[in-house]
Amino acid sequence: MIEEITLEGMLPEVFASESIPLSDVWKTDLKFRKGEFYLVEAASGGGKSSMCSFIYGARIDFQGRLLFDGTDTSGFSIDKWQKLRRESLAYLPQELSLFPELTAMQNIELKNSLTGYVEKGRIEEWLHVLGIDSRRDYPVGRMSVGQQQRVGLIRSVCQPFDFILLDEPVSHLDEENNRKAAELIMKEARRRGAGIISTSVGNPLLLENPTRLRL
């Protein structure tokens with residue numbers, strides 16, 4: 001279980017020789033707390049995807065420290081990171097990482113088969129809520145980007161988590177579908193007492209009363 005994520009003086013190494021704008025994230029002491037919602041807004045190239053990758057342990061090319069409940073993650077083993085990704089950290093990357101030849105349901109079930117966390121009936125309900133139940137058996141590669149984002153959102157909550165990282169999760173959704181996606185994510189986060197860390201370059205996930213941060 002992770003109660004608190006701390007970014008202590010963190011800065012992507014690629015920015016080390018640059019003069020960066022004033023930031024709420026880089027080169028600060030920033031704490032993300034379980035149960036709270038955060039919206040990280042940035043211009044393109046500001047490093048929001050890097051931040052998510054650092055927290056998820058997918059990249060380590062940063063200065064400073066990343067701490068989970070006060071413990072420096074630099075000493076974590078591969079097995080430790082894998083356990084955290086199964087039980088504490090959910091992640092929807094900007095590129096979605098869906099399998100285009102598989103259907104929407106197959107992409108979701110592939111994740112759920114690894115965790116056994118969600119009943120199929122709930123997945124069907126989520127597909128209906130997000131308006132893509134009629135596309136459940138379509139290959140993802142034939143779906144629009146907005147539809148793919150909704151598949152990715154459903155897949156991302158098919159596991160336990162203390163924090164969910166969402167990198168530009170609704171960039172191709174209109175306001176109505178954005179709101180439906182936000183309500184689904186917030187409902188699941190509240191049910192689990194989890195935190196949400198969502199990024200945006202202009203079309204933010206419509207979270208209720210998030211702490212807003214600028215990169």
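Treat the numbers as computed from the prediction; the structure is a model and nothing was measured.
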R191 and E188 ion-paired at < 4.0 Å: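 Counted as a salt bridge, because a side-chain N and a carboxylate O are separated by less than 4.0 Å.
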Ion pair check, K83 and E87, cut-off under 4.0 Å: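 Yes, charged N to carboxylate O under 4.0 Å.
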Is [Y] close to [X] at the side-chain level, that is, under 4.5 Å between some pair of heavy atoms?
X	Y	answer
T211	L39	no
Y38	R33	yes
F32	T6	no
E41	R212	yes
L205	L166	yes
F163	K34	yes

Is there a donor-acceptor pair closer than 3.5 Å between any side-chain N or O of [X] and the backbone N or O of [Y]?
X	Y	result
Q148	M143	yes
R150	G146	yes
Q159	L89	yes
W26	G46	yes
R155	L110	no
N203	L173	yes
S156	L92	no
Q63	K27	no

Shared hydrophobic cluster, I108 / V129 (ILVMFWY, side-chain heavy atoms < 4.5 Å):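 Yes, same cluster.
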Verify same cluster id: L67, I5 (apolar side-chain graph, 4.5 Å):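 No.
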Tell me if the [atom1] atom of [X] is crowded by more than 12 foreign heavy atoms within 6.0 Å.
X	atom1	result
N209	CG	no
Y117	OH	yes
F15	CZ	yes

Do [X] and [Y] meet the criterion of a side-chain donor-acceptor pair at a distance under 3.5 Å?
X	Y	value
S200	E168	no
Q94	K48	yes
D167	S49	yes

Provide the closest heavy-atom pair for [X] versus [Y] in the form atom of the first, atom of the second, distance.
X	Y	answer
V118	C158	CG2-CA, 3.8 Å
V170	A181	CG1-CB, 4.2 Å
C52	L165	O-CD1, 3.7 Å
I2	S88	CD1-CB, 3.9 Å
A42	L215	CB-CB, 3.5 Å
I123	N112	CD1-ND2, 3.9 Å

Measuring from [X]:[atom1] to [Y]:[atom2], what's the distance to the nearest 0.5 Å?
X	Y	atom1	atom2	result
N107	L98	CG	CG	5.0 Å
K180	D174	NZ	CG	8.5 Å
I154	E124	CD1	CD	9.5 Å
R192	I164	CZ	CD1	7.5 Å
T73	L66	OG1	CG	3.5 Å
I196	I185	CD1	CD1	6.5 Å

Pairs flagged by salt bridge (charged side-chain N to carboxylate O under 4.0 Å, His left out) wherever residues 88-116 is involved - sequence neighbours left out: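 Pairs touching residues 88-116 that pass the test: E109-K120.
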Pairs meeting criterion salt bridge (charged side-chain N to carboxylate O under 4.0 Å, His left out) with involvement of residues 60-75, two or more places apart: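 Output for this query lists E8-R65, R59-D61, R65-D72.
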Stepwise side chain to side chain contact (heavy atoms under 4.5 Å, CB included) test for V151 and I132: CA-CA 8 Å; V151 173; I132 52 173; 3.8 Å; yes
Stepwise salt bridge (Lys or Arg N to Asp or Glu O under 4.0 Å) check, E208 with R190: CA-CA 12 Å; E208 293 179 3; R190 286 170 174 148; 3.0 Å; yes
Chi angles and distances behind the side chain to side chain contact (heavy atoms under 4.5 Å, CB included) call for F37, I197: CA-CA 6 Å; F37 302 163; I197 303 173; over 6 Å; no
Test applied, salt bridge (Lys or Arg N to Asp or Glu O under 4.0 Å); reference residue, R179; option that passes from E183, E175, E176: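 Testing each of E183, E175, E176 against R179, the sole residue satisfying salt bridge (Lys or Arg N to Asp or Glu O under 4.0 Å) is E175.
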Evaluation steps, side chain to side chain contact (heavy atoms under 4.5 Å, CB included), between R86 and F161: CA-CA 8 Å; R86 287 194 305 270; F161 59 84; over 6 Å; no
All pairs passing ring pair (Phe, Tyr, Trp, His ring centres under 6.0 Å) where residues 45-77 contributes a residue, at least two apart: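 For residues 45-77, and leaving out neighbouring residues, the ring pair (Phe, Tyr, Trp, His ring centres under 6.0 Å) pairs sorted by first residue read F54-F62, Y56-Y91, F68-W81, F76-W81.
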Stepwise side chain to side chain contact (heavy atoms under 4.5 Å, CB included) test for M51 and V40: CA-CA 10 Å; M51 181 199 71; V40 181; 4.0 Å; yes
